[in-house]
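Heavy-atom basis, side chains included; hydrogens, waters and symmetry copies ignored. Chain letters run A, B, ... following the sequence lines, proteins first, then strands; residues in each count from 1.
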Amino acid sequence: MNSDKNHGKENAGGIPNVVALIGPTASGKTAISIELAKLFNAEIISCDSRQIYKLMDIGTAKPSTEEMQGIRHHLIDIIYPDSSFSYADFASCAAPIIKEILGRGKVPFIVGGTGFYLDGLVNGVSAIPEVGENKLKNLREELELLETAKLVSMLNKLDPESAARIKFNDRQRLVRAISVSELTGRPFSSFKDKKIINNNYNYLIIGLTKARELLYNSINLRVEVMFKNGLLNEVESLLNSGYGELAPGMKTIGYQECVEFFYGRKTKDEAMAMVKQNTRNYAKRQETYFKRFKIDNWFNKDENKSNDKKIFERMARLIENHIK
RNA sequence: GCCGAGAUAGCUCAGUCGGUAGAGCAACGGACUGAAAAUCCGUGUGUCCACAGUUCGAUUCUGUGUCUCGGCA
């Protein structure tokens, strides 16, 4: 899967170059990204839907200040766990930051595991008009009370195309499609054209992963370390601060299971086992999503430390060719 | 040692009034237009513990053995 192929682009028309590193959780992105950032005078834009949350450090494997080694990181710690942050929010926040970084003569380096976020930035998001957050929220809450069959028949009337495409049990997508159709007066499926939010940068996307079994081992180990480092305390203090299980930020692997423990629905061991299990399942979903980027710059880490060095060097060469 | 219960998919178990079997979880694969660490979909051959008996046919009934878990000693 690894490739030495030269991806340096001619960059005609002066389109600015941006580098992105994706990979499943626990693949080792953080450490290598900081080393690469040091080498290329880059600033990192986190592409991680959980590290955006303040007060959630241990369970999101957020890099500490020491780990960052002076490399500037963006889009970490930007909201509290009671707010949500959509992929469109990510695209519209990241675009101006990329511009700023380029303005400083530095390399914008997007790093993270939220493929959907990167997708929105690179391929654009749909231009759905603002309908008012409260209206949307109220309608959504109303719809969530309805039976699935009812939702399906509603969507069939409003937008048969979406109804045909959305899987029958996928209530989240049914509710979304109905609310957009209803509030905009246009079928949801009519918004499928994507709009590029930024200035259409020239992206180099690099992937970092591990063989499945090794990845699962790393995940299991990382979860144990999180518990040792006080994940339960972190969750307890979030609960004490009023962030309950319904807060968007708390719908996070590692947090939801610990909440179950504090509510007496699970033992500590069960909670930890569930965190491991859910993280493994999540990593698999991430890998499926990454396939849509159709990149051939994938690197497989293994247990051999000397290969880490080779991977670093190959990535560095790719980046060098891309940004020159 | 005796009495009872059990042995079926990687795990927990259901089932077959005798015609070689199926759920949940795991695993694997997939989808993804503002919740994405979210949400949802698809994929089930496994000496049905072993041996013998009955039977056209046994994973199913009978016997013996082995192992596991209870209880009593």
Over all strands shown, is [X] touching base, sugar-phosphate only, or nothing at heavy-atom distances under 4.0 angstrom?
X      : value
A:S189 : base
A:S49  : base
A:F90  : nothing
A:G59  : base
A:E144 : base
A:I166 : nothing
A:Y289 : base
A:Y53  : nothing

> Near RNA chain B, which residues from residues 21-29 of chain A have a heavy atom under 4.0 Å away?
Replying inline: none
Inter-nucleotide [atom1] distance ([N], [M]), Å rounded:
N      : M      : atom1 : answer
B:rA9  : B:rC2  : C1'   : 35 Å
B:rU47 : B:rA5  : P     : 27 Å
B:rU8  : B:rC69 : P     : 14 Å
B:rA50 : B:rC13 : C1'   : 22 Å
B:rA52 : B:rA14 : C1'   : 29 Å
B:rU62 : B:rC17 : P     : 15 Å
B:rG15 : B:rA23 : C1'   : 10 Å

Write down the partner of [N] under the Watson-Crick or G-U wobble criteria, each distance required to be under 3.5 Å.
N      : answer
B:rA35 : none
B:rA21 : none
B:rU68 : B:rA5
B:rU47 : none
B:rC61 : B:rG53
B:rG42 : B:rC28

> Per the atom types in the model, does the base of B:rA27 pair as donor or acceptor with the side chain of A:R212 at under 3.5 Å?
Replying inline: no
> Do we see A:F116 stacking on the base of B:rC32, given a limit of 5.5 Å between centres and 30° between planes?
Replying inline: no
Is the phosphate of [N], meaning OP1 or OP2, less than 4.0 Å from a side-chain N or O of [X]?
X      : N      : result
A:N281 : B:rA37 : no
A:K251 : B:rA37 : no
A:R292 : B:rC32 : yes
A:R165 : B:rU33 : yes
A:Q286 : B:rA36 : no
A:R50  : B:rA38 : no
A:R173 : B:rC32 : no
A:Y255 : B:rA38 : no
A:Y87  : B:rA35 : no

For atom [atom1] of [X] and atom [atom2] of [N], their distance in whole Å:
X      : N      : atom1 : atom2 : result
A:K284 : B:rA26 : NZ    : P     : 11 Å
A:L174 : B:rA38 : CG    : P     : 19 Å
A:L143 : B:rU39 : CG    : P     : 18 Å
A:K137 : B:rA35 : NZ    : C1'   : 13 Å
A:F290 : B:rG29 : CZ    : P     : 15 Å
A:D119 : B:rA31 : CG    : P     : 12 Å
A:Q277 : B:rC25 : CD    : P     : 11 Å

> Counting heavy atoms not belonging to A:K135, are there more than 12 under 6.0 Å from its NZ?
Replying inline: no
> Shortest non-hydrogen contact from A:N41 to A:G105?
Replying inline: ND2-O, 4.4 Å
Report all interatomic pairs (protein N or O, nucleotide N or O of nucleotides 41-44 of chain B) with separations under 3.5 Å.
residue, atom, partner, partner atom, Å
B:rC41, OP1, A:N169, ND2, 2.8

Side-chain donor-acceptor contact under 3.5 Å, [X] with [Y]:
X      : Y      : value
A:T209 : A:K301 : no
A:T252 : A:R50  : yes
A:Q256 : A:K251 : no
A:T267 : A:D269 : no
A:N156 : A:S153 : no

> Is it the case that A:R186 places NZ or CZ above or below the six-membered ring of A:F191, under 6.0 angstrom from the centre and within 45 degrees of the axis?
Replying inline: yes
>> On the six-membered ring of A:Y289, is A:R292 placed so that its NZ or CZ lies under 6.0 angstrom from the centre and within 45° of the ring axis?
In response: yes
Among [options], the nucleotide that comes nearest once only the side chain of [X] is considered:
X      : options                : answer
A:D48  : B:rG34, B:rA37, B:rG29 : B:rA37
A:R280 : B:rU39, B:rA37, B:rA26 : B:rA26
A:I253 : B:rA36, B:rA38, B:rG29 : B:rA38

>> Closer than 4.0 angstrom, basic N to acidic O: yes or no for A:K62 and A:D77?
In response: yes
>> My understanding is that only one of A:N278, A:T60, A:T25, A:V223 makes a side chain to side chain contact (heavy atoms under 4.5 Å, CB included) with A:I253; could you say which?
In response: A:N278
>> Suppose we call two aromatic rings close when their centres sit under 6.0 Å apart. Are A:F116 and A:Y87 close by that rule?
In response: yes
